[in-house]
Amino acid sequence: MSAPASALILEHEPDTPPGLLADWAKARGIPFEVHRTYTDDPEPTVADRSFVSCLGSANSPLDRHLPAVEQTLGLIGAAVAADVPVLGLCYGGQVLADVLGGEVQHAPEPEIGWYQIETDDPELIAAGPWLEWHYERFTLPPGARELARTPAGVQAFSHGLHLGTQFHPESTIEIVSKWAAMDTESLTRLGIDAVARLEAGRGEAPLAKANAFKLFDGFWQRARRAERSGK
């Protein structure tokens, strides 16, 4: 009996690790490989993966002049073309939206910290709280179904086998606190105390983890159903 296909997780910076996504995959016994796009490692294949996930990044698809961004757009495009389910998280959601024909644009104001969202599918996408950390946003791709939003715009969408979010279900306060330290100067200019915002939601971390696992479970169950049906 052949080994189960592994998932591919695209990591774009040392400070944006898989976090809760890796914890979930290990808990569910799902094999996965992490490809670090900021290294000189050979480009991975996406065909025959159980799914491909794209994590957060300080870049966005607007930075397509950067080789790592162009590589990521190519990998996600190849996964979509091969009907491999894609789970796009923040930057990954922006990349997925771009590949599917949506638009990525600079946000009038960044969403930083813990946010509640309005959800149309609470069994898959809970209302939150979710950790947010982005300076760009995506529009809904053609043919996609909007699943969640804040007043600033779309927060989650599905498109066939694929799921994209603008928030960070994979991240924890510990991970995001490193981003706060790196972005202190620019956030201070915007009048944002990111550390205070993060700490204000520390008590929500267990619920956020449970909601993240529920989101990953829903995505995985849908991917497995499609695999069994031969789609």
Side-chain angles (χ1 to χ4, degrees), residues 1-59 68-69 71-97 99 124-125 130-131 133 156 158-172 174-176 178-179 205 208-231:
M1 182 177 180
S2 61
S6 66
L8 175 66
I9 300 176
L10 302 178
E11 178 184 301
H12 308 290
E13 299 167 25
D15 292 317
T16 61
L20 293 177
L21 179 60
D23 293 345
W24 165 81
K26 292 173 184 175
R28 302 294 186 259
I30 300 168
F32 64 91
E33 169 192 344
V34 177
H35 173 67
R36 297 172 175 85
T37 62
Y38 51 90
T39 69
D40 294 328
D41 291 346
E43 183 169 297
T45 60
V46 297
D48 300 322
R49 298 284 183 172
S50 56
F51 68 86
V52 175
S53 183
C54 184
L55 305 178
S57 172
N59 298 316
V69 173
Q71 180 195 67
T72 300
L73 287 163
L75 289 169
I76 297 304
V80 169
D83 289 329
V84 174
V86 173
L87 175 63
L89 307 176
C90 196
Y91 167 65
Q94 294 170 6
V95 170
L96 179 61
V99 165
L124 177 65
I125 309 285
W130 296 104
L131 278 169
W133 199 281
S158 62
H159 187 288
L161 300 172
H162 316 302
L163 177 64
T165 73
Q166 187 60 83
F167 52 86
H168 283 275
E170 83 285 8
S171 293
T172 64
E174 290 71 27
I175 292 172
V176 179
K178 295 180 180 179
W179 307 348
K209 178 178 178 179
N211 286 339
F213 274 43
K214 182 166 70 171
L215 184 155
F216 301 148
D217 279 336
F219 169 77
W220 176 241
Q221 289 164 8
R222 183 172 54 189
R224 294 299 302 276
R225 285 198 299 270
E227 180 184 36
R228 288 194 294 269
S229 68
K231 295 181 180 179

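These figures come from a predicted structure and were not determined experimentally.
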What are the two closest heavy atoms between [X] and [Y], and how far apart are they?
{"X": "A212", "Y": "L20", "answer": "CB-CD1, 4.3 Å"}
{"X": "P44", "Y": "L8", "answer": "CG-CD2, 3.9 Å"}
{"X": "L163", "Y": "F219", "answer": "CB-CD1, 3.9 Å"}
{"X": "V46", "Y": "A79", "answer": "CG2-N, 3.7 Å"}
{"X": "D48", "Y": "A5", "answer": "O-CB, 3.1 Å"}
{"X": "L96", "Y": "V86", "answer": "CD1-CG1, 3.9 Å"}

Return the [atom1] to [atom2] distance between [X] and [Y], rounded to the nearest 0.5 Å.
{"X": "R224", "Y": "S50", "atom1": "CZ", "atom2": "OG", "value": "8.5 Å"}
{"X": "L131", "Y": "E170", "atom1": "CG", "atom2": "CD", "value": "9.0 Å"}
{"X": "K214", "Y": "L124", "atom1": "NZ", "atom2": "CG", "value": "8.5 Å"}
{"X": "D15", "Y": "I175", "atom1": "CG", "atom2": "CD1", "value": "9.5 Å"}
{"X": "L55", "Y": "S171", "atom1": "CG", "atom2": "OG", "value": "8.0 Å"}

Subject >> Working for side-chain contact (heavy atoms from CB on, under 4.5 Å), residues L87 and W220 >> reply: CA-CA 9 Å; L87 175 63; W220 176 241; over 6 Å; no
Subject >> Check: A68 main-chain N/O paired with T37 side-chain donor or acceptor under 3.5 Å >> reply: no
**OP:** Start with the C-alpha distance between R36 and E13, add both sets of side-chain angles, then the distance that settles salt bridge (charged side-chain N to carboxylate O under 4.0 Å, His left out), and finish with yes or no.
**Re:** CA-CA 7 Å; R36 297 172 175 85; E13 299 167 25; over 6 Å; no
**OP:** Applying side-chain contact (heavy atoms from CB on, under 4.5 Å), run through V52 and L75 and close with a yes or a no.
**Re:** CA-CA 9 Å; V52 175; L75 289 169; over 6 Å; no
Subject >> side-chain contact (heavy atoms from CB on, under 4.5 Å) between V34 and L10, intermediate numbers included >> reply: CA-CA 6 Å; V34 177; L10 302 178; over 6 Å; no
Under the rule for ring pair (Phe, Tyr, Trp, His ring centres under 6.0 Å), what residues qualify as partners of [X], not counting sequence neighbours?
{"X": "F216", "result": "W24"}
{"X": "F32", "result": "none"}
{"X": "H168", "result": "W179"}

Could you tell me whether the side chain of [Y] reaches within less than 4.5 Å of the side chain of [X], counting heavy atoms only?
{"X": "C90", "Y": "T165", "result": "no"}
{"X": "D23", "Y": "F213", "result": "yes"}
{"X": "C54", "Y": "L89", "result": "no"}
{"X": "H35", "Y": "I9", "result": "no"}

Original post:
Between S57 and E11, is a side-chain contact (heavy atoms from CB on, under 4.5 Å) present by the stated rule, with each step listed?
Top reply: CA-CA 8 Å; S57 172; E11 178 184 301; over 6 Å; no
**OP:** Mind running salt bridge (charged side-chain N to carboxylate O under 4.0 Å, His left out) on D217 and R28 for me, showing each step along the way?
**Re:** CA-CA 9 Å; D217 279 336; R28 302 294 186 259; 2.8 Å; yes
**OP:** Decide ring-ring contact (aromatic ring centres under 6.0 Å, His included) for H12 and Y38; before the verdict, give the C-alpha distance in whole Å, the side-chain angles of both, and the deciding distance to 0.1 Å.
**Re:** CA-CA 6 Å; H12 308 290; Y38 51 90; 8.4 Å; no
